[in-house]
Amino acid sequence: MSFLFSSRSSKTFKPKKNIPEGSHQYELLKHAEATLGSGNLRQAVMLPEGEDLNEWIAVNTVDFFNQINMLYGTITEFCTEASCPVMSAGPRYEYHWADGTNIKKPIKCSAPKYIDYLMTWVQDQLDDETLFPSKIGVPFPINFMSVAKTILKRLFRVYAHIYHQHFDSVMQLQEEAHLNTSFKHFIFFVQEFNLIDRRELAPLQELIEKLGSKDR
């Protein structure tokens with residue numbers, strides 16, 4: 001059963017990825033939440049002293065997945081095969097789906113279908129203990145950083161689609177502050193560790209510059 005459509009009726013998806021309580025990653029997540037509460041997002045994304053970079057990126061990637069999941073969940077009724085027959089971020093950017101294993105050649109599909117593929121794929125990566133080890137002392141694989149970069153690059157596309165195609169709905173739901181804060185946190189994080197190529201960020205470049213300028 002696909003990840004998105006099985007829970008479509010409940011409006012929001014259930015964040016499937018829980019970081020186990022009592023684990024070091026859970027402590028890191030708590031640290032992240034505490035520093036976020038201070039309101040200084042640039043500071044909140046920095047690697048805490050003495051912590052492992054891979055682990056910090058892993059914890060935050062899981063957190064962004066859960067956030068985007070919930071944000072998209074609030075607007076699924078507006079993002080349909082009819083309203084969004086292609087996965088786009090404005091008229092100049094269109095995304096085709098491929099995951100390299102099940103779908104090798106990029107396919108054109110509707111936004112809800114694309115986001116379903118994307119979220120299911122991300123979830124599979126996060127659930128893979130060899131890629132995202134949750135146990136202390138289990139090392140991260142050599143390719144961890146490249147996998148994390150691909151995940152974040154793809155999650156960015158969901159933000160881009162929401163901003164370009166569904167911002168009116170977000171405003172009607174009075175969710176824009178929540179969306180903006182989440183996106184700003186995401187952007188500061190990927191900028192801090194140089195995780196997404198600047199070209200990939202082009203669909204939301206103006207917004208990114210605006211968010212950044214307020215913090216200088």
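Since the structure is predicted, the reported quantities are computational estimates derived from the model, not experimental observations.
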S.K.: Give the C-alpha distance, both sets of side-chain angles, the deciding distance and a yes or no for ring pair (Phe, Tyr, Trp, His ring centres under 6.0 Å) between His185 and Phe64.
M.R.: CA-CA 9 Å; His185 180 201; Phe64 288 126; 4.8 Å; yes
S.K.: Does Gln165 have any side chain to side chain contact (heavy atoms under 4.5 Å, CB included) partners at least two apart in sequence or in another chain, and if so, which?
M.R.: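 Per chain and number, Gln165 pairs via side chain to side chain contact (heavy atoms under 4.5 Å, CB included) with Ser88, His161.
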S.K.: Taking the side chain as every heavy atom from C-beta outward, state whether Phe193 and Leu53 have any atom pair closer than 4.5 Å.
M.R.: yes
S.K.: Sequence neighbours excluded, which residues qualify as side-chain hydrogen bond (donor to acceptor under 3.5 Å, both in side chains) partners of Tyr95?
M.R.: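 For Tyr95 there are no side-chain hydrogen bond (donor to acceptor under 3.5 Å, both in side chains) partners, ignoring immediate neighbours.
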S.K.: Residues in side chain to side chain contact (heavy atoms under 4.5 Å, CB included) with Arg199, at least two apart?
M.R.: Asp197
S.K.: Among side-chain atoms of His24 and Glu27, is any donor-acceptor pair under 3.5 angstrom?
M.R.: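 No pair is found: no donor N or O on one side chain lies under 3.5 Å from an acceptor on the other.
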S.K.: Are the side chain of Thr76 and the backbone N or O of Tyr72 linked by a donor-acceptor pair below 3.5 Å?
M.R.: no
S.K.: Whether Arg157 engages the ring of Trp97 as a cation-pi pair (distance to the six-membered ring centre under 6.0 angstrom, angle to the ring normal within 45°) should be assessed.
M.R.: no
S.K.: Find out whether the Lys NZ or Arg CZ of Lys113 is both under 6.0 angstrom from the six-membered ring centre of Tyr117 and within 45° of the ring's axis.
M.R.: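 Yes, Lys113 sits over the ring of Tyr117.
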S.K.: Quick one: salt bridge (charged side-chain N to carboxylate O under 4.0 Å, His left out) pairs with a partner in residues 132-153, sequence neighbours left out?
M.R.: none
S.K.: For Ala58, enumerate each residue passing the side chain to side chain contact (heavy atoms under 4.5 Å, CB included) test, keeping only those at least two apart in sequence or located in another chain.
M.R.: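 With neighbours one apart ignored, the set is Phe132, Phe140, Phe144.
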S.K.: Mind checking what makes salt bridge (Lys or Arg N to Asp or Glu O under 4.0 Å) contact with Glu55, not counting sequence neighbours?
M.R.: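 Not a single residue meets the salt bridge (Lys or Arg N to Asp or Glu O under 4.0 Å) criterion with Glu55.
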